[in-house]
Amino acid sequence: MSKATTAERLAIHGGEQVVKGSFPWPIFDEQDVQAVADVVRSGQWGNPDCGDAIAAFERQFADYCGSRYAVSCVNGSVSLRLALIACGVRPGDEVIVPPYTFIATASIVLEANCVPVFVDIDPDTYNLDPTKLEAAITERTRVIIPVHFAGLACNMDAILSVARGHNLRVIEDAAHAHGGEYRGKKLGSIGDAGSFSFQSSKNLTSGEGGIVITNDEGLYQTMNSLRNVGRMPGGQWYDHFNPGCNYRITQLQAVLLTEQLKRLDEQTYTRNENGLYLDQLLADIDGITPLSRGNVAIRHCYHLYIFRYDKAKFGDIPKKEFVSMLSAEGVPCSTGYPHPLYKQPLFQQKNWMCYAISDYVDYTAVHCAVAERACTDEAVWIFQHAMLGTRHDMESFAEAIRKIQRILKSERVNE
Ligand SMILES: *Cc1c(COP(=O)(O)O)cnc(C)c1O
């Protein structure tokens with residue numbers, strides 16, 4: 001470890017930033033603008049009665065994922081909800097979810113009057129730990145919702161094997177995972193259904209939006225009806241067969257997504273390559289441990305690049321301070337979720353409102369040690385748009401971490 005020079009100061013204390021690159025997001029050009037402008041001029045903005053840009057995008061996205069069907073909708077929460085309801089869950093059914101994910105993965109379960117059951121994550125991947133599934137399954141369990149967290153494929157072989165053994169449906173939450181792969185299959189195409197978000201931070205975006213893919217014709221027909229106020233093909237405009245709502249996207253979103261999809265493969269390739277390189281660079285830093293990519297062939301799409309932080313090697317400064325320092329050095333990063341989901345007031349205080357959740361449900365006793373440690377002490381997230389930078393940018397991220405470590409160590413020596 002080289003000694004800090006007297007000139008070296010943290011950017012947070014007015015020193016020079018290590019990272020010089022900038023990381024724009026979203027990325028677009030005149031073709032995106034033209035596609036949206038053309039829809040505006042056509043006057044055919046809506047769905048489903050005018051134009052066919054939405055059906056065309058759904059076909060393209062399904063083909064890209066190697067799935068038979070796709071149903072677009074207003075966001076990646078509703079897409080999960082459509083899939084769950086189409087699976088035929090009843091009030092009181094249990095649905096297994098990880099605690100280290102965005103709230104939607106669990107809140108859509110409540111919205112179906114079902115009970116989210118939290119199963120801890122694997123410490124090396126931060127994905128649902130398949131070895132803990134069996135113990136969580138009861139006679140009420142119907143569905144497992146694994147999240148390909150950060151864009152890293154879950155251990156789908158293990159999850160599907162448990163699911164088959166208990167006749168459970170598997171809905172992949174692929175909100176982080178557009179273009180990611182597991183053993184040559186696109187994430188989202190492996191379970192019964194796969195749900196994606198097009199919210200502005202996601203790897204494929206139209207500001208807001210979502211889509212759910214499936215190979216199951218029955219699920220497709222139900223989801224297609226639910227997102228279109230319960231209408232059915234062949235029915236009349238005011239015939240409503242199912243308890244759906246208007247969850248449709250606009251043609252403006254569909255043409256923008258069609259343009260954005262053209263970039264997805266190349267962007268995913270870049271993020272994956274940068275992630276592999278950053279893994280190498282960070283492996284050399286004492287106290288920084290990149291997450292494992294698992295043991296099978298994957299393509300990681302790095303919605304987040306996550307590493308584990310050990311404060312003992314950084315002068316005992318808490319993760320939050322470290323992340324402030326790293327941000328100041330120019331690395332687009334975050335401490336991530338402050339708590340596992342079951343610690344949210346929604347669950348702790350049983351704020352179920354109109355939803356019918358059984359009295360036996362009590363989240364104050366839930367304890368997922370790995371997820372808690374990830375939230376409070378360990379996990380540092382670098383955002384996906386930063387992973388679209390150059391190899392030199394990756395080197396500068398590693399150097400920013402080394403600089404912080406160097407200065408903290410020399411401060412300790414000088415105390
Ligand atoms: C973003 C996200 C969602 C929800 O998507 P929205 O489009 O914001 O509704 C669901 N699950 C995960 C893991 C997410 O990150």
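Atoms within each ligand, like the ligands themselves, are counted from 1 in listed order.
There is a side-chain donor-acceptor pair under 3.5 Å between His166 and Glu134. Side chain to side chain, Asn274 and Tyr305 fail the donor-acceptor criterion of an N or O pair below 3.5 Å. For the 3.5 Å distance criterion, the side chains of Gln344 and Gln348 fail to qualify, holding no donor opposite an acceptor.
For atom 12 (C) of ligand 1, the nearest protein heavy atom (residue, atom name, distance) is Ala175 CB, 3.4 Å. The protein atom (non-hydrogen) at minimum distance from atom 15 (O) of ligand 1 is His176 NE2, 2.7 Å. The protein heavy atom nearest to atom 9 (O) of ligand 1 is Ser77 OG, 2.5 Å. Atom 2 (C) of ligand 1 has its closest protein heavy atom at Lys202 NZ, 2.6 Å. Among protein heavy atoms, atom 11 (N) of ligand 1 sits closest to Asp173 OD2, 2.8 Å.
Two rings, from Tyr100 and Tyr342, have their centers 6.0 Å or more apart.
Ion pairing of Glu266 with Arg263 is absent here, as no side-chain N (NZ or NE/NH1/NH2) approaches a carboxylate O to less than 4.0 Å.
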Verdict with supporting geometry, Asp124 and Arg308, salt bridge (Lys or Arg N to Asp or Glu O under 4.0 Å)
CA-CA 9 Å; Asp124 296 322; Arg308 285 178 289 177; 3.6 Å; yes
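Residue Gln199 has at least one heavy-atom neighbour below 4.0 Å for each of these atoms of ligand 1: 7 (O), 8 (O). In summary, the atoms of ligand 1 found under 4.0 Å from a heavy atom of Thr101, numbered by their order in the structure, are 13 (C).
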